[in-house]
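In what follows, a structure is listed as structure tokens, so that the remarks can point back to it.
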There are 2 protein chains.
Amino acid sequence: MSDVFRALADESRRSLLDALFARNGQSLSEMAENMPMSRQAVAKHLAILESANLVSTAWRGREKLHYLNPVPIGEIVRRWVGKFEDARVDALTDFKEQMETSKEKRRA
Amino acid sequence: MSDVFRALADESRRSLLDALFARNGQSLSEMAENMPMSRQAVAKHLAILESANLVSTAWRGREKLHYLNPVPIGEIVRRWVGKFEDARVDALTDFKEQMETSKEKRRA
DNA sequence: CTCATATGCAACTATATGGTTGCATGTCAA
DNA sequence: TTGACATGCAACCATATAGTTGCATATGAG
């Protein structure tokens with residue numbers, strides 16, 4: 001889980017996901033062509049995305065093809081982030097009460 | 001936006017959000033007591049969360065109180081992550097087609 | 001077979017990051 | 001006023017991270 005956030009924290013890696021979103025199943029060389037860094041650097045990023053389960057790979061001959069992982073990217077993120085959604089209204093209430101401590105509330 | 005992912009990438013910072021989820025509006029010292037690091041380190045983490053707009057602060061006398069940001073944590077994450085959700089089925093299809101290149105598909 | 005292409009592996013470098021300590025500043029309480 | 005408490009600021013350190021280059025290995029094409 002933390003791997004996912006770590007993986008998404010890097011702009012280059014988010015770009016790579018974008019690139020796969022635009023065209024799925026690209027090889028390493030293909031992806032490296034569109035990135036402003038060496039092929040090896042791209043390979044490292046893809047390895048991180050793969051180990052975070054955001055990308056799956058499949059070999060076709062000497063090419064390694066990359067796919068957005070069918071295991072949904074958002075699911076794990078949403079699960080973690082979701083509980084904070086529930087707290088949203090309460091948090092807002094607490095915050096405003098704090099900010100307006102000296103103000104008297106009128107009933108509508 | 002990238003700030004959000006960066007901020008969430010660190011386990012300590014996610015713990016701090018958890019702590020605020022458990023009890024909103026804690027002071028720096030309070031939060032530092034429950035973390036296995038110095039107050040200054042916690043202050044840095046909270047500053048990062050604040051600049052990523054995940055946490056808001058309000059001064060009460062000499063105490064700096066921290067609140068889960070009423071601007072929803074999940075919204076920004078979900079917006080980015082959401083488009084990948086749309087691609088999910090297609091990605092799965094592409095992937096399976098690739099994996100099963102040599103297999104013939106039968107119509108049901 | 002031979003060569004070009006596609007990737008992997010390893011060593012190395014610079015900078016970012018997470019942590020520390022020490023001291024300065026500001027606010028409440030006696 | 002004086003002192004204790006809460007926070008901020010700055011320097012410093014160790015490690016992680018993102019990138020590089022060079023070379024090795026594997027596969028497809030002629």
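Numbers restart at 1 for each chain; the letters A, B, ... are given by sequence-line order, proteins then strands. The structure presented is a predicted model; accordingly, all values stated were derived computationally and were not measured.
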Positive for side chain to side chain contact (heavy atoms under 4.5 Å, CB included) with B/Leu49, one of B/Leu54, B/Asp10, B/Asp3, B/Leu68 =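 Result: among B/Leu54, B/Asp10, B/Asp3, B/Leu68, B/Leu54 is the only option passing the side chain to side chain contact (heavy atoms under 4.5 Å, CB included) with B/Leu49.
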In terms of the nearest nucleotide of DNA chain D, which residue is placed more toward the 5' end: A/Ile48 or B/Glu63?
->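 Mapping each residue to its closest nucleotide by heavy atoms, the 5'-most match is B/Glu63.
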Are any non-hydrogen side-chain atoms of B/Phe84 and A/Asp18 less than 4.5 angstrom apart?
-> yes
Are side-chain heavy atoms of A/Trp80 and B/Leu8 found at a separation under 4.5 Å?
->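 Touching, per the 4.5 Å side-chain cut-off.
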For atom CG of A/Leu65 and atom P of C/dT5, their distance in whole Å =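 The distance from CG of A/Leu65 to P of C/dT5 comes to 18 Å, rounded to the nearest Å.
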Could you give the CH2-to-P distance, from B/Trp59 to D/dT7, as a whole number of Å?
->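 About 7 Å, once rounded to whole Å.
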Members of residues 26-34 of chain B that approach DNA chain D, where some heavy atom sits under 4.0 Å away | B/Ser27, B/Leu28, B/Ser29
Can you list the residues that meet the side-chain contact (heavy atoms from CB on, under 4.5 Å) rule with B/Gln40, with sequence neighbours excluded?
->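 Testing B/Gln40 for side-chain contact (heavy atoms from CB on, under 4.5 Å), a comparison that skips the adjacent residues, returns B/Ser38.
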Please name all residues satisfying side-chain contact (heavy atoms from CB on, under 4.5 Å) with B/Gln26, sequence neighbours left out, ordered by chain then number.
->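 Applying side-chain contact (heavy atoms from CB on, under 4.5 Å) to B/Gln26 gives B/Ala19, B/Leu20, B/Arg23, B/Glu30, B/Met31, B/Asn34.
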Taking only residues two or more places apart in sequence or in another chain, which ones pass salt bridge (Lys or Arg N to Asp or Glu O under 4.0 Å) with B/Lys44?
-> none
Each nucleotide of nucleotides 19-30 of chain C classed B (base within 4.0 Å of a protein heavy atom), S (only sugar-phosphate) or -, in 5' to 3' order, makes BBBB----BB--
With B/His45 via side chain to side chain donor-acceptor pair (under 3.5 Å) - residues at least two apart =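 Scan of B/His45 (side chain to side chain donor-acceptor pair (under 3.5 Å), adjacent residues dropped) gives B/Arg13.
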Yes or no on side-chain contact (heavy atoms from CB on, under 4.5 Å) for A/Val42 and A/Leu28, after CA distance, side-chain angles and deciding distance?
-> CA-CA 8 Å; A/Val42 174; A/Leu28 169 60; 3.9 Å; yes
